[in-house]
S.K.: 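This is the structure I have questions about; it appears just below.
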2 protein chains.
Amino acid sequence: MTGSERVTAGGADVFAALASPVRRELTALLLGGPRSVNDLASHFEMSRPSVSEHLRVLRDAGLVSEERSGRRRLYRLEAEPLMEVSRWLSPYERFWRERLAGLRELLDEEDGDDHER
Amino acid sequence: MTGSERVTAGGADVFAALASPVRRELTALLLGGPRSVNDLASHFEMSRPSVSEHLRVLRDAGLVSEERSGRRRLYRLEAEPLMEVSRWLSPYERFWRERLAGLRELLDEEDGDDHER
DNA sequence: ACAATAGGTAGGAGATTCCCTACAAGTCAA
DNA sequence: TTGACTTGTAGGGAATCTCCTACCTATTGT
């Protein structure tokens with residue numbers, strides 16, 4: 001009923017794409033720059049086609065783009081969906097800041113007031 | 001091989017918990033303060049037991065805690081796992097800032113230099 | 001005690017995920 | 001062209017997810 005629960009950036013759900021540890025590891029690797037599929041796959045125990053499928057999920061979520069270069073395809077990290085995660089997170093960031101501020105206030109109060117024990 | 005791909009905060013995977021739109025909606029509702037299960041369930045089409053199960057997933061991920069109050073249980077949003085998401089996000093935040101900085105530089109360059117067309 | 005309320009749990013059906021092994025298609029090197 | 005290389009896709013099996021309808025327990029009010 002709120003009407004703003006979608007976090008998709010035009011494709012599939014970004015959070016769903018990031019739900020897999022393998023795919024988070026892939027995005028972490030791509031933080032260092034574009035890489036080919038074989039390059040990426042060499043960091044995992046699993047088969048290369050499986051890595052390819054994970055890359056497709058990331059691509060459907062807009063988290064990576066592919067660029068054909070000769071017989072290889074370089075996958076590149078894309079910023080937009082990650083920024084969307086950040087925007088989703090910001091109300092919660094306010095939430096925990098208030099919580100921490102309340103905690104500090106409580107501690108300061110005890111310091112300058114009477115307190116048993 | 002990197003050794004730091006876990007985002008769990010002591011329980012189950014936080015990203016996996018947030019992968020469901022229903023659970024993100026639940027956390028959004030809890031942003032307004034603790035609520036009972038029936039209260040939360042009234043915002044959804046689905047059955048109350050299903051909402052209960054979603055709440056369990058959130059609880060296993062540490063995203064919510066429950067407090068028994070009479071015959072009701074109040075679910076409360078917890079900050080820690082969300083802060084963990086924020087920490088996970090920060091290297092990517094640096095990444096897209098660099099990207100935007102590069103973009104701006106490019107635009108400034110074109111403004112003060114010769115450019116065909 | 002009894003009925004009503006609030007919520008967790010069991011068990012199961014249907015959809016989805018995740019991984020695999022073939023196989024096909026495009027590209028480079030000889 | 002032939003062969004090696006890089007990648008995507010098809011098809012399938014096991015596991016997990018998501019939702020449901022019962023059903024059970026605990027608490028409150030009368």
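Throughout, a chain's letter reflects where its sequence line sits, starting with A, and its residues are numbered from 1.
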S.K.: My understanding is that only residues two or more places apart in sequence, or in another chain, count here; which of them pass side-chain hydrogen bond (donor to acceptor under 3.5 Å, both in side chains) with T27(A)?
M.R.: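 side-chain hydrogen bond (donor to acceptor under 3.5 Å, both in side chains) list for T27(A), sorted by chain: Y92(B).
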
S.K.: Angle between the end axes of the helix from dA1(C)-dT30(D) to dA30(C)-dT1(D), five pairs per end, to the nearest 10 degrees?
M.R.: 30°

S.K.: Between R94(A) and L31(B), does a side-chain contact (heavy atoms from CB on, under 4.5 Å) hold up when you go through it step by step?
M.R.: CA-CA 10 Å; R94(A) 278 194 292 279; L31(B) 208 41; over 6 Å; no

S.K.: Can you list everything that forms a side-chain contact (heavy atoms from CB on, under 4.5 Å) with E53(A)? Sequence neighbours excluded, please.
M.R.: none

S.K.: By side-chain contact (heavy atoms from CB on, under 4.5 Å), which residues pair with R87(A), not counting sequence neighbours?
M.R.: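 In terms of side-chain contact (heavy atoms from CB on, under 4.5 Å), with neighbours along the sequence ignored, R87(A) is linked to E80(A), M83(A), E84(A).
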
S.K.: Residues two or more places apart in sequence or in another chain: which of them pass salt bridge (Lys or Arg N to Asp or Glu O under 4.0 Å) with R23(B)?
M.R.: none

S.K.: Which ones in residues 32-40 of chain B lie close to DNA chain D, meaning a heavy atom under 4.0 Å from one of its atoms?
M.R.: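 Those residues whose heavy atoms fall under 4.0 Å from DNA chain D, taken from residues 32-40 of chain B, amount to none.
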
S.K.: With side-chain contact (heavy atoms from CB on, under 4.5 Å) as the test, would you mind laying out the steps for R59(A) and Y75(A) before giving the verdict?
M.R.: CA-CA 9 Å; R59(A) 181 155 30 93; Y75(A) 279 84; 3.5 Å; yes

S.K.: For residues 29-38 of chain A, which residue pairs qualify under side chain to side chain donor-acceptor pair (under 3.5 Å), counting only residues two or more places apart or in two chains?
M.R.: R35(A)-D39(A)

S.K.: If you assign each of S69(B) and Y75(A) to its closest nucleotide in DNA chain D, which residue comes earlier from the 5' end?
M.R.: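 By nearest-heavy-atom nucleotide position, the 5'-most residue is Y75(A).
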
S.K.: Please enumerate all residues that pass salt bridge (Lys or Arg N to Asp or Glu O under 4.0 Å) together with R71(B), with sequence neighbours excluded.
M.R.: none

S.K.: Evaluate the criterion side-chain contact (heavy atoms from CB on, under 4.5 Å) for residue pair M46(B) and V22(B); output intermediate values, then yes/no.
M.R.: CA-CA 10 Å; M46(B) 100 182 71; V22(B) 172; 3.5 Å; yes

S.K.: Rounded to the Å, how far apart are R59(A) CZ and dT7(D) C1'?
M.R.: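 Taking CZ of R59(A) and C1' of dT7(D), I get 11 Å after rounding.
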
S.K.: What one-letter contact string describes nucleotides 17-27 of chain D from 5' to 3', where B marks a base within less than 4.0 Å of any protein heavy atom, S marks contact via sugar-phosphate atoms alone, and - marks no contact?
M.R.: -SBBBB----B

S.K.: Which nucleotide of DNA chain C is the first, and which the last, in the 5' to 3' direction, to come under 4.0 Å of a heavy atom belonging to chain B?
M.R.: dA4(C) to dG11(C)

S.K.: For R76(B), which residues count as a side-chain contact (heavy atoms from CB on, under 4.5 Å) partner, sequence neighbours excluded?
M.R.: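 For R76(B), the residues satisfying side-chain contact (heavy atoms from CB on, under 4.5 Å) (neighbours in sequence not counted) are R99(A), P34(B), S65(B), E67(B), E78(B).
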
S.K.: Which atoms form the tightest heavy-atom contact between V14(B) and A61(B), and what is the distance?
M.R.: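 Distance-wise, the nearest heavy atoms are CG2-O, 3.9 Å.
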
S.K.: Classify F44(B) by what it touches in the nucleic acid, base, sugar-phosphate, or nothing, heavy-atom distance under 4.0 Å.
M.R.: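 No contact at all - F44(B) keeps every heavy atom at 4.0 Å or more from the nucleic acid.
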
S.K.: Would you please test H54(B) and F44(B) for side-chain contact (heavy atoms from CB on, under 4.5 Å) and show each step?
M.R.: CA-CA 12 Å; H54(B) 280 296; F44(B) 297 88; over 6 Å; no

S.K.: Applying side-chain contact (heavy atoms from CB on, under 4.5 Å), can you list everything that pairs with E98(A), at least two apart in sequence or on another chain?
M.R.: none

